[in-house]
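Written below as structure tokens is the structure these notes are about.
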Protein chains: 2
Amino acid sequence: MSVTAAKGFTAAGIAAGIKENGNPDLALVVNTGPRRAAAGVFTSNRVKAAPVQWSEQVMKSGQVSAVVLNSGGANACTGPKGFQDAHATAEKVAEVLGRGAIEVAVCSTGLIGLLLPMDKLLPGIETAAGSLSEHGGEKAAIAIKTTDTVHKTSVVTKDGWTVGGMAKGAGMLAPGLATMLVVLTTDADLENDVLDKALRAATRTTFDRVDSDGCMSTNDTVLLLASGSAEVTPEYEEFAEAVRQVCDDLGQQLIRDAEGASKDIKVEVINAATEDDAVEVGRSIARNNLLKCAIHGEDPNWGRVLSAIGTTSAAFEPDRLNVAINGVWVCKNGGVGEDRDKVDMRYREVHIVADLAAGSETATIWTNDLTADYVHENSAYSS
Amino acid sequence: MSVTAAKGFTAAGIAAGIKENGNPDLALVVNTGPRRAAAGVFTSNRVKAAPVQWSEQVMKSGQVSAVVLNSGGANACTGPKGFQDAHATAEKVAEVLGRGAIEVAVCSTGLIGLLLPMDKLLPGIETAAGSLSEHGGEKAAIAIKTTDTVHKTSVVTKDGWTVGGMAKGAGMLAPGLATMLVVLTTDADLENDVLDKALRAATRTTFDRVDSDGCMSTNDTVLLLASGSAEVTPEYEEFAEAVRQVCDDLGQQLIRDAEGASKDIKVEVINAATEDDAVEVGRSIARNNLLKCAIHGEDPNWGRVLSAIGTTSAAFEPDRLNVAINGVWVCKNGGVGEDRDKVDMRYREVHIVADLAAGSETATIWTNDLTADYVHENSAYSS
């Protein structure tokens, strides 16, 4: 059901010819109201793609009528012409919908450094507008895929209101050209500031902790639109939890579809002095290429976990560190613990627990193993 | 000639049986000179192996008579017993040489989390001491290899004095278990403080800027010993430059032998506001898995360079960035530059220049491509 699970939204997904292989590559999501509230979170990469620069301006306008998304080209590092193209894309959507361009967010994903084929994209917008439907959510989710093997959608329905959404890619810190684009919709009747608070709270502990390969995209965008169609204003906590659940579910789907991965690795840091310490240690472990190779080889190499922890500034004493892999405490007090042969690594999910013995805070980072397939996909992509 | 190129040093390398395959695994370097001055630089990983903890104490004693090095086991994350073993190793060397244990530095490399086979190591020290020779430098260099395919030595001879050395591994930020161990010797007559200053200056711009896979070892050690045998005290600048040359040469050898690599990548950051900015940007580029995969695929993917620059806090404006790959300015002013098809990627060395257009400082970081062979070597190693 994707972005059209919530009332007050239509969507479409079509093949505009941006991708040379003829696959769907253009999606449109329209808020049919009565409210056009929205919030957005964008990549923290300082090299921002043109559509991100445009959409950041749109967010400042206070309302969002529509989102247009294309795969087949990131429109990043494309200079003033790239920004003109993002603007022209929004203008075209505004024209066919009879809205203002400054209410149209634009998202793009694909190769960096290439201009979009506007001669295909602009007519495609007319086609997409002609096929907008209250059942178009799946098609929209399909049209934003790049190296994704499956499309990703999620829905949470509560008492009279719904949060739904679609995603593509594999993490805020994206592998390949697999920029993460997410559009969430709700028919709850909420103001921008509530949406913003709930979205930031949700992304902080979900998408921001999905770290497939440590690389940050120029195009990452997460949008939350509210139509007010349900004529219900939920309590903040309940709404925020629903948004968090949808983000968490979509984040898990991104990890499971990460390029070339054979293992999904849950890095749980416990007993940290602060949450920031827990996140720093979790990321350091999740980004350690040697460990990611070891996990690929089903080798419970806890020495590489300790080595990764040792590069952080978190509070800990080396001789008090404990590490469990799939439930076996292979490292105790900084040294050899239980027999590593007890660790069963046959399954796709691997669970690493790093106990800093320095406090009571915790954080979980999800990542993948490093595989020859990952190298292949990312060495061959643009050639 | 290695560590015995300089007068006043003997060395040996033997097979003590620490490695199960019977390869050489124990090296001894002894300072026979009138002076026993020394300086050391150690890993900044907070999880330090027992031999690092021991050798840091040795450095505080003010003089170093000998260095004992073993491959076949890192003696890291081995708790109090590991430290006792490092101490016992130094005691044994002291006993056979008639020196004090606190003058004996210890270096280990190999798997983390395993105790050393002291029943083989201690008798091995007697054997090594029996074969000490003024021509033993090559054998010592061979005995410290782990996954190294070649042993690494370098010598610079000046007017009446020499700096020589040996190295194993592939970077201060080491791939595999390829901890970097380096022992440098000189027959120049110099005090500890001069050695320390020269060694820190040299490692800062050489070994510290060799970043094969971003992973930092628990065991990295670089030692510089001075025998005074040449009875010459060179000018500081001349001596420091000789040390830098030997470190630079050994660093290049480490990169060329990095595990599984098919490309050596020189990342040169120019026109940075500060040297720190240049180093931060260089490291971010050098550690970007997506770019390392692209280089492996001979794909001059400058978008991934810009994306990596964008994650740093360095001073720059995105629309003023320029990137050259092998001499072709494929990115100009943050957008498309010269035709990327002009870039010749056939050779092993790849030269990336990132122009921040923000000042006049520069730094060069060396790294390698990311390959399926790297994944294989590091997923299969300890299994």
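Protein chains get the first letters and strands the later ones, always in sequence-line order, with residue 1 at the start of each.
For the options B:C77, B:P300, B:A372, heavy-atom pairs under 4.5 Å to chain A are most numerous at B:C77. Ranked by heavy-atom pairs under 4.5 Å with chain B, the list A:L114, A:L321, A:L306 is led by A:L306. Put simply, of B:S307, B:G79, B:G113, the one with the most heavy-atom pairs under 4.5 Å next to chain A is B:S307. For chain A, the option among B:S313, B:G310, B:A308, B:G334 with the highest count of heavy-atom pairs below 4.5 Å is B:G310. Chain A forms more heavy-atom pairs under 4.5 Å with one residue of B:T311, B:L291, B:T78 than with any other, namely B:T311. Comparing A:D373, A:I112, A:L115 by how many heavy-atom pairs each has under 4.5 Å with chain B, the most go to A:I112. Note: A:N45 leads A:N45, A:N288, A:N333, A:I309 in heavy-atom pairs under 4.5 Å with chain B.
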Before giving the answer on side-chain hydrogen bond (donor to acceptor under 3.5 Å, both in side chains), spell out for B:S71 and B:K168 the whole-Å C-alpha distance, their side-chain angles and the decisive distance to 0.1 Å.
CA-CA 10 Å; B:S71 51; B:K168 65 83 44 189; over 6 Å; no

Show the numbers, then the answer: is there a side chain to side chain contact (heavy atoms under 4.5 Å, CB included) between A:W302 and A:V336?
CA-CA 9 Å; A:W302 59 268; A:V336 180; 4.0 Å; yes

Side chain to side chain contact (heavy atoms under 4.5 Å, CB included) for A:I285 and A:I365? Distances and angles first, verdict last.
CA-CA 9 Å; A:I285 296 169; A:I365 305 283; over 6 Å; no

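Looking at A:I295, neither its backbone nor its side chain comes within 4.5 Å of chain B, counting heavy atoms on both sides. Both the backbone and the side chain of A:A294 come within contact range of chain B, judged by heavy atoms closer than 4.5 Å. Contacts of B:S284 with chain A are absent, with no heavy-atom separation under 4.5 Å from either backbone or side chain.
Checking B:T367 against B:K292 by side-chain atom types alone, a donor-acceptor pair falls below 3.5 Å. Side chains of B:N289 and A:N289: a donor-acceptor N/O pair is present below 3.5 angstrom, by distance only. Side chains of A:D369 and A:S262: a donor-acceptor N/O pair is present below 3.5 angstrom, by distance only.
Annotation for B:R320: atom CZ does not count as buried by contact number, only 12 or fewer foreign heavy atoms lying within 6.0 Å.
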